[in-house]
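Just below is one structure, and these are the notes that go with it.
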Amino acid sequence: MALENKGQQKLDFVRQIVADDCKSGKWDGRVVTRFPPEPNGYLHIGHAKSICLNFGIAAEFGGKCHLRFDDTNPEKEEQEYVDSIIEDVKWLGWDWSENLFFGSDYFQQMYDWAVELVKKGKAYVCDLTAEQTREYRGGVEGGKDSPYRNRSVEENLDLLERMRKGEFPDGTKTLRAKIDMAHPNFNLRDPLMYRIVHASHHRTGDKWCIYPMYDWAHGLEDSIEKITHSICTLEFENHRPLYDWFLNELGIYHPQQIEFARLNLTYTVMSKRKLLKLVQDKLVAGWDDPRMPTICGMRRRGYSPQAIRNFCTKISVNKFNSTIDFALLEHCLREDLNKTSPRVMAVLNPLKVVIENYPEGKVETLDAINNPEDAAAGTRQVPFSREIYIERDDFMEDAPKKFFRLAPGREVRLRYAYFITCTNVIKDSAGNITELRCTYDPATRGGDSPDGRKVKSTLHWICAKNAIDAEARLYEHLFTKENPDDVEEGKDFTAYLNPNSLTKLTGCKVEPYLKDAKALSRWQFERLGYFCVDTDSKSDKLIFNRTATLRDEWAKIKGSGK
RNA sequence: UGGGGAAUAGUGUAACGGCAGCACGAGUGGCUCUGAACCACUUAGUCAAGGUUCGAAUCCUUGUUCCCCAGCCA
């Protein structure tokens, strides 16, 4: 496992704490972190930040990182999500070894500890309804004590036991910690520990009808697993006093909670609720729609695990909210894909070219380099004949000065093949260009001219006789706004969905070399971008997702109107 | 309004009382059988005002702005 932080002496604030603790011997040199997802949705790039932080720290400091499902709410959690989360963390390249845990496995221990707190007079059964509980909690001026706050230990013990046994309907009773109803931090105003929910749990079935709240459960889970550094997001900062209170009252092993800022990305929504809405309202094709910032969506789009990990290293970790420029993610993507993706030629919008002085019926094969960044990737053979396809965008009848590509009378190079010169433009009755006539120079075979003359550009092309048809799916940002939540009163984040976020192109032409390309394999289509074989692709119906375009100088010139 | 956090180029992130640096983006040029990659250069910053100090992004004071918290969600 490559350590992205190896040799990096600047530690982020979390790693600094861990390093200091290792030095002082606070945890006897142990480092144990955990990634604790709730299995109620698919993982996204924001989770990747947390995953890389937790697993990364464990790897760098010679510790362990647990994968723990925080499954304390049976009404929202499903096995489907457990499976996808396991798959995604694995795909990102992290390994939890035997340390796969479920919060629900600790339900009995949690209950025993609750009984202990009741016996200490630190917890009580409360009969207030949800609405009353809210009223009693109060506002900034403070709350007031529940009328059930001073029940005897015996009565509380009896009621708690009967809650567990299922004697009471949902919502009629709760177990609450007895702390301080006037505390300025709302989380300490006698927080709920258990609520009654007669629902089947994806792992414990109907064994339990009371379920622990996050604040009660989470620290206990960390304690049981002997976590050293419990890393969570900023919104739990207000909960830390409660995290500490429970562990102190119980007098059990007490990890340190550390909070960091969650990831925000331009042109992206990150909350599970919003992603779920996109899926449920069919605004995207599913959780793994390549436009989604989910791990499975990005995988299908063609992102590599390494690109995502490099990105997570690069953005670092901090305590204040920030929004990362999507361009940085794309930079990390291209950086990795450039090194690792085999090159191939494909024509997205074909324009037929007939090379008039090339012998009819002749087919020859030419050597092409698979990856100029990686000599070990070797070479392949590309067929060539009299009729080929080039990209429509690579020809202009009235070419401006900065357009270097093919135009009437102009000579260009066909990659790995020959120099050709455009001699004639053929149009249909509506004036659309349907075909180009060219001549070639046989002396330039392979792409070099013996007389040393230069051409301004090199075009990709596909031999018409051997071309394979393919579909290409081109993606843009899902939203047209950098911040999709920045909308007018009364609208929500779906108001600025990009109508052009997906363009399906059929009739694309690709090299025969791609005939058996495997699902999810990643390629660079030369001069166009990085593409990934879609999971729905078949050998007789190839589908490619455009992961990212190549940086495109000409597009900038064209776009600026120069 | 109570409590908890935080502010460094357009964006992100370093500098831990001692030269404000790096990356992305943007721009210019070089190179090129990918207008890619690569290389060089340019651009632009300490929230504000006071104070301590030989010296402050860093310490102190005051202010400003932003984020989080009143689910029987996590």
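Protein chains get the first letters and strands the later ones, always in sequence-line order, with residue 1 at the start of each.
Contacts of A/Tyr211 with the nucleic acid, taken as non-hydrogen atoms under 4.0 Å apart, are absent. Contact annotation for A/Gln524: base contact, defined as any heavy-atom pair under 4.0 Å involving a base atom. Here A/Gly138 lies in heavy-atom contact (under 4.0 Å) with a base. Within 4.0 Å of A/Arg413, counting heavy atoms only, lies at least one base atom of the nucleic acid. Residue contacts for A/Glu526: at a heavy-atom cut-off of 4.0 Å it reaches a base atom on one of the strands shown.
Geometrically, A/Arg203 engages A/Phe102 in a cation-pi contact defined by less than 6.0 Å to the ring centre and at most 45° from the axis.
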Could you pull out the protein-nucleic contacts involving nucleotides 57-60 of chain B (nitrogen or oxygen on both sides, under 3.5 Å)?
none

Can you pull every protein N or O that's under 3.5 Å from an N or O on nucleotides 72-74 of chain B?
from, atom 1, to, atom 2, distance (Å)
B/C72, OP1, A/Arg137, NH2, 3.3
B/C72, OP2, A/Arg137, NH1, 3.1
B/C72, OP2, A/Arg137, NH2, 3.2
B/C72, N3, A/Gly171, O, 3.4
B/C72, N4, A/Leu128, O, 2.8
B/C72, N4, A/Ala130, N, 3.0
B/C72, N4, A/Gly171, O, 3.0
B/C73, OP2, A/Arg195, NE, 3.1
B/C73, OP2, A/Arg195, NH2, 3.1
B/C73, O3', A/Arg195, NH2, 3.2
B/C73, O2', A/Asn73, ND2, 3.0
B/A74, OP1, A/Thr72, OG1, 2.8
B/A74, OP1, A/Arg195, NH1, 3.3
B/A74, OP1, A/Arg195, NH2, 3.0
B/A74, OP2, A/Tyr214, N, 2.9
B/A74, O3', A/Asp70, OD2, 2.7
B/A74, N6, A/His239, NE2, 3.4

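The nearest whole Å value for the distance from the CG atom in A/Leu414 to the C1' atom in B/U34 is 13 Å.
The six-membered or imidazole ring of A/Phe384 lies near that of A/Tyr418, with a centre-to-centre distance under 6.0 Å.
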Exercise for review: For nucleotides 3-19 of chain B, just jot down a letter per nucleotide in 5' to 3' order: B, S or -, based on protein non-hydrogen atoms under 4.0 Å.
Suggested key: BSSSS---SSSS-B---
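Taking every heavy atom of residues 337-348 of chain A and every atom of RNA chain B, pairs under 4.0 Å involve A/Asn338, A/Arg343, by number.
Partners of A/Phe404 under the ring-ring contact (aromatic ring centres under 6.0 Å, His included) rule, at least two apart in sequence or in another chain, do not exist in this structure.
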Review point. For RNA chain B, what is the dot-bracket line, given that a base pair needs Watson-Crick (N1 to N3, plus N6-O4 or O6-N4) or G-U wobble (N1-O2 and O6-N3) geometry with both distances under 3.5 Å, and | means paired with another strand?
Key: .((((((..((((....[..))))((((((.......))))))...(((((..]....))))))))))).....
